[in-house]
Chemist: 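Dropping the structure in here first, questions after.
Model, not experiment: these values are computed from the prediction. Each ligand, and each atom within it, is numbered from 1 in the order the structure gives.
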Amino acid sequence: MKIEPFALERWMSGYEMLVECDLSVGGITSLTMNDLLALEPAAQREQILDGLLGARLGYSEARGSLELRSAIAATYRNCGPENILVTTGAIEANFLLLNVLLNAGDSVVAPDPAYQQLASVPRAIGCDVALWKTRPENGFRYDLRELEQLVTPRTRLIVVNIPHNPTGAILLEEELRHVYALAESVGALVLCDETYRWLALEGSDPCAPPVFDLGPAGISVGTLSKTFGLPGLRIGWIVAPEPIVQACWAMRDYISLCPGTLSDALACIAFRHRERIMARNQAIIQQNLQIVQDWLQQQRGVFSWQPPRGGLLSMIHCNLAMPSLEFANRLAEEYKVMFVPGIKFGFEHYFRLGLGQRSAVFTEGLQRTSAFVAQLQASGVSSIA
Ligand SMILES: Cc1ncc(COP(=O)(O)O)c(C=O)c1O
């Protein structure tokens, strides 16, 4: 397969080892193994640790252990372990599904902007990809009327991502049901990348349930990477009707074979304590939301934003007359702060802000950004008219 470069990953890899404050971080600041173990009852910790240290590092059960698949399945409606395939992150889940479900010449609807693989992989397969755009002009919302224009009798798959990376857009339940009905009306499937599932932002409308819950045309993708704060485990999953799971499993035999043994075991611990992990992570988001609101007030209009409606990412606008890529490169090089330039998503003068950073680092990153802005203004960089 010939595939275009993953633009954002290429840009980030140039700076991720250099920066000290990542304001664009895609997930929640990660947990340690100690944090995970501390969630277990004190009396059992030693035994659990012994179990991990004594675990045989052989290949694990290919689809993911029954314990893990059962724990994942319990978070969906009418779902059993046979509906789950544990994968190497959501990235492998998406890759397998797109390759299993699509053929050259198929029509696909994919969100734009988006986590790039969602459109690049179908394009590399040779599909005809129609882009469902979220834009600043519509407040970074998914517009169902636009989707209606994009879906045709030839559409095989509608790909959505809720909550959305990078804008924080969501679909409400009735809106996702509308997407599902549109897909059903043309015999298509809906693949929903639910990487940012679980966090509920205070005061926001509740995000739609997983698309798998809506019926057999719905396929969900999940991961421990973002809202759980466990990206290093590389544990994601597919939730789909069994034949699709089987087909993805067969393709996976050629790619990564099975999850890491320790990752599977640690993922089981994470699922046992999902609610406490989410409470920890929700508190980080709420604190950072307050920090950014306070910071914005001090910026005297230089920055403005639409807070995320779901998840932890959103686009923040900067009214300085400087291209976002130049701003981001200099901020990384001179101030060691990472702010993903909006141009990587097609939005000039925007940056992607992530709310999952440790609050002290988040505050420091914002302060350094203010210092950079002051330096630019002093050197004569003006505002956009
Ligand atoms: C929307 C979306 N899907 C999938 C992924 C891949 O995540 P994972 O670490 O689970 O492979 C990401 C990572 O940024 C993402 O933002």
Chemist: Salt bridge check: are R135 and E146 linked by an N-O gap of less than 4.0 Å?
Modeler: yes
Chemist: Show which side-chain atoms of residues 335-348 pair as donor or acceptor with protein atoms under 3.5 Å away, not counting sequence neighbours.
Modeler:
| unit_1 | atom_1 | unit_2 | atom_2 | d |
| --- | --- | --- | --- | --- |
| Y335 | OH | Q375 | OE1 | 2.4 |
| K336 | NZ | E333 | O | 3.4 |
| E348 | OE1 | S324 | N | 2.7 |
| E348 | OE1 | S324 | OG | 2.8 |

Chemist: Whether E4 and R10 form a salt bridge (side-chain N of Lys/Arg under 4.0 Å from carboxylate O of Asp/Glu) is what I want to check.
Modeler: no
Chemist: Show the short N or O contacts, below 3.5 Å, that ligand 1 makes with protein N or O atoms; if there are none, say 'none'.
Modeler:
| unit_1 | atom_1 | unit_2 | atom_2 | d |
| --- | --- | --- | --- | --- |
| ligand 1 | 3 (N) | D193 | OD2 | 2.6 |
| ligand 1 | 3 (N) | T195 | OG1 | 3.3 |
| ligand 1 | 9 (O) | S225 | OG | 2.7 |
| ligand 1 | 9 (O) | R234 | NH1 | 2.8 |
| ligand 1 | 10 (O) | A90 | N | 2.7 |
| ligand 1 | 10 (O) | T223 | OG1 | 2.6 |
| ligand 1 | 10 (O) | S225 | OG | 3.1 |
| ligand 1 | 11 (O) | A90 | N | 3.2 |
| ligand 1 | 11 (O) | I91 | N | 3.0 |
| ligand 1 | 11 (O) | R234 | NH2 | 2.9 |
| ligand 1 | 14 (O) | K226 | NZ | 2.8 |
| ligand 1 | 16 (O) | N165 | ND2 | 2.8 |

Chemist: Is the backbone of V211 close enough, under 3.5 Å, to the side chain of E194 for a donor and an acceptor to pair up by distance?
Modeler: yes
Chemist: Can you see which heavy atom on S65 is nearest to which on C268, and at what distance?
Modeler: OG-SG, 4.0 Å
Chemist: Taking 4.0 angstrom as the limit, do E40 and R272 come out as a salt bridge?
Modeler: yes
